[in-house]
Structure formats: structure tokens, C-alpha cells
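Here the structure is laid out as C-alpha cells; the discussion comes afterwards.
This one's a predicted model, so the numbers in the text were calculated from it and none came from an experiment. Just so you know, ligand 1 is whichever comes first in the structure, and atom 1 is the first atom listed for that ligand.
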Amino acid sequence: MTNQELVQRSLAAIWHPCTQMKRHESFPLIPITRGDGVWLYDCEDRRYLDAVSSWWVNLFGHNEPRIKAAITRQMDCLEHVMLAGFTHEPAVQLSEQLAALTGLGHAFYGSDGASATEIALKMSAHYWRNCGLPQKNRFVYLENSYHGETLGALSVTDVPVFRSAYAPLVRDNFRVMNPDSRQALPGESAKDVAERAAQQLEVLLTAHHNEIAALILEPLVQGAAGMAMYDAHYLRRARSLCDKFCVHLIADEIAVGFGRTGSMFACEQGPIQPDMICLSKGITGGHLPLAAVLCRDDIYQAFYDDDAARGFLHSHSYTGNPLACAAALATLQIFADDDVLRQNAEKACRFDKLFEPLAGHAAIRHWRRTGMIWAFDVTDAPPDFAQRYFAAALAQGLLVRPIGTTVYFMPPYIIQNEEVEQLAAGALTALEQSLEAR
Ligand SMILES: Cc1ncc(COP(=O)(O)O)c(C=O)c1O
């Protein structure tokens, strides 16, 4: 099949996500037939460097042989069984390993990130209900947060373009200042901004803690906000305020978990222990959909009862799918076998140097990095900068999708020097071309 045919059939048959479909009249869909390492290939073998790990999921690139082999092995014995009333070894092993890594337990499985957010929000409110405090059923979220787009998740997501059309369907929760260090006033450090945001959180919790079940946040980096990075001081302050006011702290590590910020989980850099952690995206190295929520033992115990209605009756058909669990186990094995966190720390410093020619461009502000996430903001960008940049980057053989005027790279961890050099050079050309349009 040619590129052209595949695109035409796709436009006729698929409603693509996160897309105003009419845009494809001027910005063509990119047909992809295969992936290998950091590269995606179209029908005519043109290739694109996947600098965003396909929505931040492909930690070790495409077609990772060890993950593929684990899925194939699992396929030979059990592809699926419902997890209500049944169990299987891949889910048990994965739950044990995630518990050892997070210090939390009783993994509850979902499919995508938003399903993990829903699980955590429901679990928190239901916990307080089981404790005789049903009025604690609202949530606190940070400005510019993103926790997914199902209705519950949207109620703690602060991105108007995703939320506004559904406002009448979405419950009102409490939004507080985020600790994004770009908000520093003259003379303020990133830690000062974090402290200022924490003080606002304290004011809110003082007034409303009786009706609040949980605070949900993306630790260290708010991804969809445009890779807003912040000081770990905020995590420590949020933890102690949640303790003081009897409010759960839900860490949404869907985007930042599994090494992306430099530690296995971003909360470790507080260090803090959340009451619940939401995991997805990189959990299977991008090979199958899976999400998990782990919680403190006393949360689990509050549901353990003779009364079915006090149990957590949430479910999804594919909960704990054995193939996805096998992919996740293989992903964790790669972290151990390849000493991924140490390797990433070394690589990131090397890559900083390779990015220098780009980082020094006069139109760039707030060049920043946390772990394996690089981002910068573009000044005086034209209104349609994101689309222009996306198209210009594609022409350079790069998959880079800016968020507004923020360009970011979240490459697969296996990326090599030479590929980063291509990325840096192509990203610079794309920047200049997108700015010429002003
Ligand atoms: C921090 C965070 N939470 C939740 C989600 C939702 O995940 P999904 O798109 O798999 O529903 C995302 C997705 O980008 C995310 O970045």
C-alpha cells in the first residue's frame, strides 16, 4: 500500500485522537508501517526519529526484542483471564515488583493513564466514606495540571482546550497555584516559587480540608503544561500539609515514572512517599496498554470487610491482562540488566553538550532539563507555531510535537549520540523555519 492510500483510508475510517480532523486538509497524516529503535518508518521507508517516545511511552524504543520475546512467550500460555475471582503469575510477579519499588501495595490495574486517575480518585473518596467521612469527596489539583480526559480525570485537569466543552459534565474541584519555576519573580529561586505555591496550598487546606479527599499532582514535571519543571521542595511541603490536614497525596507518575526524571519514580527525589501512585505509559515500554494504582496498606484495609459495598468494586474487562503484565515485567528486567538509571544519568550530561548549539539560540527562553526530558520556550512565536514547528520537524525526519510555544524532547532512553546530533541539528533548522513565518 502507498502512503497516500493508507492516509485516505484512515481519514475515511478513523476518528483520530486529540485532533481537529479538518486540520488534515492542510497537515497530512503520517502513515507508519513499522518501528525500530528510535525510528518510525512510513510505507515508502521514509523514517522519523521518535523524539517524544510516541506520547512518552516507548522507553526503550520500538520493537524492543526482549519485551517482544516476553509477550510472545506469554502468548503461548495465557493471553487473558479476568482478574475478578482469578489470578495469574505475571500479575502477581508484577504487583510484587511494583510494591518493592514504590513501597506501596495491592496494585489495582487499569488500562490507560486516565483509568489510573479514575481509580485513584474513586479509591480516595471511597476510603473517606468507609471511614465515616463521606463529606471528604473533593480534590485539589495544580494549575495547568493534566491527569487524563475521562470525566473524573478532567475534573482535576486544568487545560481549557480539553475541558471547556465538557464543563457542565465535570465536577468542580479546587485548583491551586502550581510551583512551575518559570514563575520566579526577580530574585526568587525555584525553591522560593515552590514555597510560595505551598503556602497557597496551605491556605486552601486550612479552609477546606473537611471536604477534601486528596491532592493530586504530577511530581517534578507537569508534562502537558509544557514540561513545567519544579523544585522538589514542593513535594516535601505538599506531603507534610497532606499529613497535617488528613488529605491523601496522589502522585500521578503516569508520565514521569519509570526513570524519566532520573530516579525510578519522581517522588524519590523529594524524597516523599505518596499515599497512592498512578502508573501507566512507560510501564510496558510502550508495547501494550496497562495502568496500575498502588496504595498504602491502611487504605486497602479500610475496604476489607464483610460488606460488599465497602469493597472497591471498580473494574475493567482487561484489568491485569497477562500479556501487558509480561511486557511490564520485561521492562523492569531491562532496568535491572542494563543499569538504565545510571546509564541515563551519564547520557543526559553528554546530550546536554550536544544540544548546546540549539540551546544557545536567541529565540529560546527557559532551556531546561529534568532527567531525560529537555524543553525550551520560544519567544515571539507566530500563533500557529506548534503546527508549523511540527511540520518543519517532520521535514527534517523528526517527530517533535510542541505544546503551544514549548518544544520538548522525551526520547527513548536507547537514543545514541549520533541520533541526538541529528535531533539537535534538525530541531534548530525547524526552529528557524518556523520563526521565518512570523
Ligand atoms: C501525567 C498524566 N496523567 C495522565 C495521563 C493520561 O494518560 P492516558 O492518555 O493514557 O489516558 C497523561 C497522558 O499524557 C499524563 O501525562
Does the side chain of [X] pick up a donor-acceptor pair with the side chain of [Y] at under 3.5 Å?
{"X": "Glu64", "Y": "His287", "value": "no"}
{"X": "Ser115", "Y": "Asp112", "value": "no"}
{"X": "His248", "Y": "Ser124", "value": "yes"}

Using a 4.0 Å cut-off to any heavy atom of Asp252, which atoms of ligand 1 qualify?
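Counting from 1, the qualifying ligand atoms are 1 (C), 2 (C), 3 (N), 4 (C).
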What protein heavy atom is closest to atom 11 (O) of ligand 1, reported as residue, atom name and distance in Å?
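Answer, as residue, atom name and distance: Ala114 N, 2.8 Å.
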Could you find the nearest protein heavy atom to atom 10 (O) of ligand 1 and give me its residue, atom name and distance?
Gly113 N, 2.8 Å
Can you label the angle between the Trp367 ring and the Phe376 ring as parallel, tilted or perpendicular, going by 30° and 60°?
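Aromatic pair Trp367/Phe376 classed parallel.
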Indicate the ring-plane relationship of His80 and Tyr318, choosing parallel, tilted or perpendicular according to the 30° and 60° boundaries.
tilted
Where on Glu218 is there a heavy atom closer than 4.0 Å to ligand 1, on the side chain, on the backbone, on both, or on neither?
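Side chain only.
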Could you tell me whether Ala255 and ligand 1 have an N or O pair separated by under 3.5 Å?
no
Within the structure, does Gly148 bring an N/O atom to less than 3.5 angstrom of an N/O atom in ligand 1?
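No - when backbone and side-chain N and O of Gly148 are compared with those of ligand 1, no distance drops under 3.5 Å.
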Centre-to-centre under 6.0 Å for Phe351 and Phe409, is that the case here?
no
Work out whether the distance between some heavy atom of Lys281 and some atom of ligand 1 is less than 4.0 Å.
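Yes; Lys281 lies near enough to ligand 1 that a heavy-atom distance drops under 4.0 Å.
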Is there a heavy atom in Trp56 that sits closer than 4.0 Å to ligand 1?
yes
